[in-house]
Enquirer: 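My questions all concern the structure below.
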Amino acid sequence: MELNERAELDTSQANDLGRGSGGGGGGMGIPIPGGGGRGGIIGIVVAVLIALLGGGFGLNAMTNGDDGSQAGGGGDIDQACGTANPDRLQDARCRNLLYVNSIQGYWQKEYPELGNGKYEPTTTNFFQQAVNTGCGQADSGVGPFYCPADKLVYIDLSFYDELATRFGAKGEFAQPYVLAHEYGHHVQDLLGTNAKADQGDQSGPKSASVRLELQADCYAGAWAKHATESKDKTGEKPLFKSITEADISQAVDTAEAIGDDSIQERSGGRVNPDQFTHGTSAQRKRWFTQGYTGGDPKNCDTFGTDQL
Ligand SMILES: [Zn+2]
């Protein structure tokens, strides 16, 4: 993959909240729509904590106890990722912002085809260690996630180191895959798929949770197919100069590495399908590939098939 050094990034699509419990950054304090009253809120929190990419597999405890050198309230994405900074693409935040721009550019175009009006863009919040969200407090151990209550994506970028060291998912293209998966959850939220899945089983090989996660993988694949078409803020310059088959393989390998069965095996346990929440390695690989091959989210109906 080659990023376009000349691309102008839309810096409004990400915030850097920095470190701590999340009080210091922008984008917080958004009221929970329909909050209170609904018994489903607990359900949403639980679903969110499960609906993390690879969530719930014990990444915690790795990110605690560092030297505190990065304490503070985050950084200014506008400055860091603006064209005035020629080195911006060396900064992981700016690269991730570029991926977010590409993913949302794709959905701006593609979402209306799904027959539910216009796509509503949302922001990715970078945080370190812990963050307050509309879905409650979360720490880095839960992995990246989408919170339906505030409609924001959250990621501690150190997650990618975890992916590389513990799951062998080393390629850079793992990163846009992770983000595209989380934005897949945003799309599901806009379509009302999340809310429907909330009523279903939250674990098991054919559970609503597994179907939701596999669909997010499929949506990520659909984006990947069209990623090189995505343009920067000016609408003229491409965000990616190139994406190769090797990059796509990195995404597939990542999806495969974080299947429920692989994670259960890696943690020394027996494979227990009743506890599946994201799908097996084979399934995650298959659905990402399904999205990629056709390049069409309409091919991602994981709820309407028995062939997961
Ligand atoms: Zn997910």
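Residue indices begin at 1 and follow the sequence shown. Small disclaimer: the values here were computed from a predicted structure and weren't measured. We count ligands from 1, going down the list as the structure has it; atoms in each ligand are counted the same way.
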Enquirer: Is the closest basic N to carboxylate O distance between Glu2 and Lys241 below 4.0 Å?
Expert: yes
Enquirer: Taking backbone and side chain together, does Glu182 place any N/O/S atom at a distance below 2.8 Å from the Zn ion (ligand 1)?
Expert: no
Enquirer: So do Thr83 and Arg88 actually touch side chain to side chain, heavy atoms under 4.5 Å?
Expert: yes
Enquirer: Considering only N, O or S atoms, which atom of His181 is nearest to the Zn ion (ligand 1)?
Expert: NE2
Enquirer: Nearest N/O/S atom of Glu213 with respect to the Zn ion (ligand 1), by atom name, please.
Expert: OE1
Enquirer: Is His185 close enough to the Zn ion (ligand 1) to have an N, O or S atom under 2.8 Å?
Expert: yes
Enquirer: Strictly distance-based, threshold 3.5 Å: is any side-chain N or O of Asp301 a donor or acceptor partner for the main-chain N or O of Phe303?
Expert: yes
Enquirer: Please evaluate residues Lys151 and Glu120 with respect to the criterion salt bridge (Lys or Arg N to Asp or Glu O under 4.0 Å), reporting the C-alpha separation (whole Å), side-chain torsions for both, the decisive distance (0.1 Å), and the verdict.
Expert: CA-CA 10 Å; Lys151 299 194 180 305; Glu120 293 165 34; 6.0 Å; no
